[in-house]
> 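What follows is a structure written as structure tokens; I'll ask about it next.
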Amino acid sequence: MNKPTDMKAESVPLWINGRRHAASSSRSGDVTNPATGEIVRQVPFCNAEDIAAAVGAAKAAFPGWRDTPPLRRARILMRYRELIEAHRDELAKLITEEHGKTLPDAAGSVQRGLEVVEFATGIPHLMKGEYSEEVGTNVDTHSLRQPLGVCAGITPFNFPAMVPLWMYPVAIACGNTFVLKPSEKVPSTAMRLAELFKEAGLPDGVLNVVHGDKPAVDALLTHPDVKAVSFVGSTPIARYIYETCAKHGKRVQALGGAKNHAVVLPDADLDFATDALIGAAYGSAGERCMAISAVVAVAEAGDPLVAKLKERASKLNVGPGTGKDVDMGPLVTCAHRDKVSGYVDKGVAEGAKLVLDGRNHKTPAHEDGFFLGASLFDQVKPEMTIYKEEIFGPVLVVLRAKTLDEAIALINANPYANGTAVFTRSGGAARKFEREIEVGMVGINVPIPVPIAFFSFGGWRNSLFGDTHVHGMEGVRFYTRGKVVTTRWPDANALPSGFNMPTLG
Ligand code: NAD
């Protein structure tokens, strides 16, 4: 249960045309501080009218922004980069307050987002086209990339700054305008990021922020002036976004959920692997799309690895994200905490071996917070619910495999394919894993192959619907469309065009 506060919590405004706006919708939701259980804000749930106002502002701003030279757009992004850096701690505090993750983790996620802004400052170079002279006699051809118009972004709760920053800096650098709908559970960071962009010199209407749930999202997906949609969230919603956008003729990239496996081979340095896996499984309370949630221990790696994982996981310091030396904060909401705890019940009922039970964890002085300790299961089988479903909490499951081939087959049969990792000292085994694994992002002795701004980020199968990954050059391609121009400047004696297929030569 959320703890009621004495005072009525303030309502988060919308950001439309460079100003704070009240929503016209009367529907709203609670934003809680997961460490205390208190309602800290109210968030409006926008209706179609609110969405139309934001899209209208973005549409009106588009021609001027499209015609702003990329170099000038880049200079605004450079100032924005400085402002985000200067406000990193303030942004991290907002993230921790509404999401629950620890302050250093929150600051790290701002840094990751900042790197996409840095990438986007290269836009004059990134949007360069190609040119070929004499494709035919006196005929030249060049290609260029142009922005799409109004783009929309719909983002999940687990990275209130980083995931929005994967999207709009690249879209805006390309000359588009943008409407962002952050998760209604963590609405405040996106608002602050929008204000800072205005301070950096972004013209009004280029970036707009709206809030809400399904009706707000549906209004964006069906609005005729929205040309492209980027989505990050759970798989069922990602699939829905992809299908709805396709039906309405929109360009779409929809990143979904994950079940990321780490394979540990018998030759691996088990202390090194354990260290890496503990951070990857339980960091941010397991609420990361790149969290390792399943370990596949190969052959004799199994027993010593499980013993080491248990020892390390049982020592994790669980507490409020603002606390000193805290490893893991609370879950985002009370309902999510209870859902994750329910998965542990299910694992026990289905016969997995519960090596460490985090269900009864108590955080002193934070009895109303949404805390859960670390749980560890061994002897998990592929048909069990705790393996089949994304838990998105501090629960790590260990499966056993006899060989690397068996481990690879298991991972390739899983419907999710966001990230995966292998721990080994063998270059040959690592190379085989890299070649044969059917997953979008792979770590070799790296548990979370983190997003690197100048590469792209995205999974395969049910972890991504669409053709392009986010940011990097894939982001530039997603937010622009190509045009090819063939040019001839005929002299007075040029031959008139005929009716046959021109061959140019
Ligand atoms: P979610 O799917 O519940 O919500 C994501 C967004 O969709 C939110 O803005 C939400 O308001 C909106 N939404 C929710 N229900 C909707 C509906 N019925 N119709 C239309 N819109 C709806 O996800 P979440 O719980 O906020 O985030 C956690 C999920 O995101 C996990 O599954 C995680 O793996 C995934 N995730 C994936 C990546 C990735 O890169 N693949 C990154 C971060 C998070």
> Are Val344 and Val395 side-chain neighbours, meaning at least one heavy-atom pair lies under 4.5 Å?
yes
> Quick check: do His211 and Pro182 have side-chain heavy atoms less than 4.5 Å from each other?
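His211 vs Pro182: side chains touch.
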> Parallel, tilted or perpendicular: which one describes the rings of His471 and Trp166, with boundaries at 30° and 60°?
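Rings of His471 and Trp166: perpendicular, as their planes differ by over 60°.
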> Has the side chain of Asn260 got a donor or acceptor atom that lies under 3.5 Å from a matching backbone atom of Ala291?
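The answer is yes, because a donor-acceptor pair under 3.5 Å joins these two groups.
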> Going through the checks in order, is the side chain to side chain contact (heavy atoms under 4.5 Å, CB included) test met by Arg73 and Met127?
CA-CA 12 Å; Arg73 291 187 219 137; Met127 277 184 79; 4.1 Å; yes
> Under a 3.5 Å distance rule, please check whether Thr363 uses its side chain to pair with a backbone N or O of His366 as donor and acceptor.
no
> Measure from the side-chain N and O atoms of Arg288 to the backbone N and O of Ala280, and report whether any donor-acceptor pair falls under 3.5 Å.
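No, Arg288 side chain to Ala280 backbone: no donor-acceptor pair under 3.5 Å.
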> Specify whether Phe197 and Tyr80 have parallel, tilted or perpendicular ring planes, treating 30° as the upper limit for parallel and 60° as the lower limit for perpendicular.
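Correct class here is parallel.
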> To check you understand the geometry: which heavy-atom pair defines the closest contact between Leu148 and Thr480, and what is its length?
CD2-C, 3.8 Å
> Any donor-acceptor pair under 3.5 Å linking the side chain of Ser463 with the backbone of Ala417?
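Side chain of Ser463 to backbone of Ala417, a donor-acceptor pair under 3.5 Å: yes, one is there.
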> Quick one: pull up CD1 in Ile123 and CZ in Arg145 and give me the separation to the nearest 0.5 Å.
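These two atoms lie 10.5 Å from each other.
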> With side chain to side chain contact (heavy atoms under 4.5 Å, CB included) as the criterion, how do Ser293 and Ile391 come out once you've worked through the C-alpha distance, each side chain's angles and the decisive distance to 0.1 Å?
CA-CA 8 Å; Ser293 48; Ile391 298 176; over 6 Å; no
> So, the side chain of Arg337 versus the backbone of Pro330: is there a donor-acceptor pair under 3.5 Å, distance only?
no
> Which heavy atom of Phe457 sits nearest to which heavy atom of Cys289, and what is that distance?
CZ-SG, 4.1 Å
> Going by the side-chain contact (heavy atoms from CB on, under 4.5 Å) test, name the single residue among Ile84, Asp89, Leu83 that passes it with His87.
Leu83
> Is the closest side-chain heavy-atom distance between Pro160 and Lys185 below 4.5 Å?
no
> Spell out, as yes or no, whether a donor-acceptor pair under 3.5 Å connects the side chain of Lys101 to the backbone of Asn158.
yes
> Would you say the side-chain atoms of His336 and Lys339 include a donor-acceptor pair closer than 3.5 Å?
no
> Kindly give the heavy-atom pair with the smallest separation between Leu331 and Gly393, and that separation in Å.
CD1-CA, 4.2 Å
> Just by distance, do the side chain of Lys310 and the backbone of Leu376 share a donor-acceptor pair under 3.5 Å?
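Checked: no pair found.
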> Measuring only between side-chain heavy atoms, which start at C-beta, is Pro187 closer than 4.5 Å to Val31?
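Result yes, sub-4.5 Å side-chain heavy-atom pair found.
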> Look at the side chain of Glu97 and the backbone N and O of Asn33, then say whether any donor-acceptor pair between them is shorter than 3.5 Å.
no
> With no hydrogens and no angle check, is any side-chain donor or acceptor of Glu184 less than 3.5 Å from a backbone partner on Gly29?
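No; judged by distance alone, with no hydrogens or angles, the pair does not exist.
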> Fit a plane to each ring of Phe178 and Tyr168, take the angle between them on a 0 to 90° scale, and name the class: parallel (under 30°), tilted (30 to 60°) or perpendicular (over 60°).
tilted
> Can a side-chain donor-acceptor contact be found between Thr385 and Glu350 if the only test is distance below 3.5 angstrom?
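Checked: Glu350/Thr385 side chains pair up, N/O donor to acceptor below 3.5 Å.
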> If the threshold is 4.0 Å, N to carboxylate O, is there a salt bridge linking Arg112 and Glu115?
yes
> Quick one: CD1 on Ile241 to CD1 on Ile154, what's the gap to the nearest 0.5 Å?
4.5 Å
> Determine, for Glu195 against Arg192, whether the closest basic-nitrogen to carboxylate-oxygen distance falls under 4.0 angstrom.
yes
> Go through the steps for Phe119 and Phe454 under the test ring pair (Phe, Tyr, Trp, His ring centres under 6.0 Å), then give the verdict.
CA-CA 6 Å; Phe119 168 77; Phe454 38 94; 7.6 Å; no
> Drop me the distance from Leu265's CG to Arg425's CZ, to the nearest 0.5 angstrom.
11.5 Å
> Please find the pair of heavy atoms, one from Leu180 and one from Ala190, that lie closest to each other, and give the distance.
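That would be CD2-CB, 3.8 Å.
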> Is the CZ atom of Arg481 crowded by more than 12 outside heavy atoms at less than 6.0 Å?
no
> Decide if the gap between the ring center of Tyr416 and the ring center of His261 is smaller than 6.0 angstrom.
no
> Are the charged groups of Glu85 and Arg81 less than 4.0 angstrom apart, N to O?
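Salt bridge between Glu85 and Arg81, a charged N being under 4.0 Å from a carboxylate O: yes.
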> About how many Å separate CZ of Arg312 and CG of Leu277, when rounded to the nearest 0.5 Å?
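Here the rounded value is 10.5 Å.
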> Please check: side-chain N/O of Asn412 versus main-chain N/O of Glu436, any donor-acceptor pairing under 3.5 Å?
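Yes: the side chain of Asn412 pairs with the backbone of Glu436.
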> Supply the atom-to-atom distance Arg88 CZ to Gln111 CD, rounded to the nearest 0.5 angstrom.
4.5 Å
> Let me confirm one number: the CZ-OG1 distance from Arg41 to Thr32, rounded to the nearest 0.5 Å.
11.0 Å
> Which heavy atom of Leu255 sits nearest to which heavy atom of Gly458, and what is that distance?
CD2-CA, 4.2 Å
> Looking at Arg400 and Asp303, does any basic side-chain N land under 4.0 Å from a carboxylate oxygen?
yes
> What are the two closest heavy atoms between Asn176 and Tyr479, and how far apart are they?
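It is ND2-O, 2.9 Å.
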> Hey, are the side chains of Leu207 and Leu202 touching, using non-hydrogen atoms and a 4.5 Å cut-off?
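Leu207 reaches Leu202 side chain to side chain.
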> Under 4.0 Å between a side-chain nitrogen and a carboxylate oxygen: does that hold for Asp327 and Lys315?
no
> Looking only at the side chains, is there a donor atom on one of Asp267 and Thr424 sitting less than 3.5 Å from an acceptor on the other?
yes
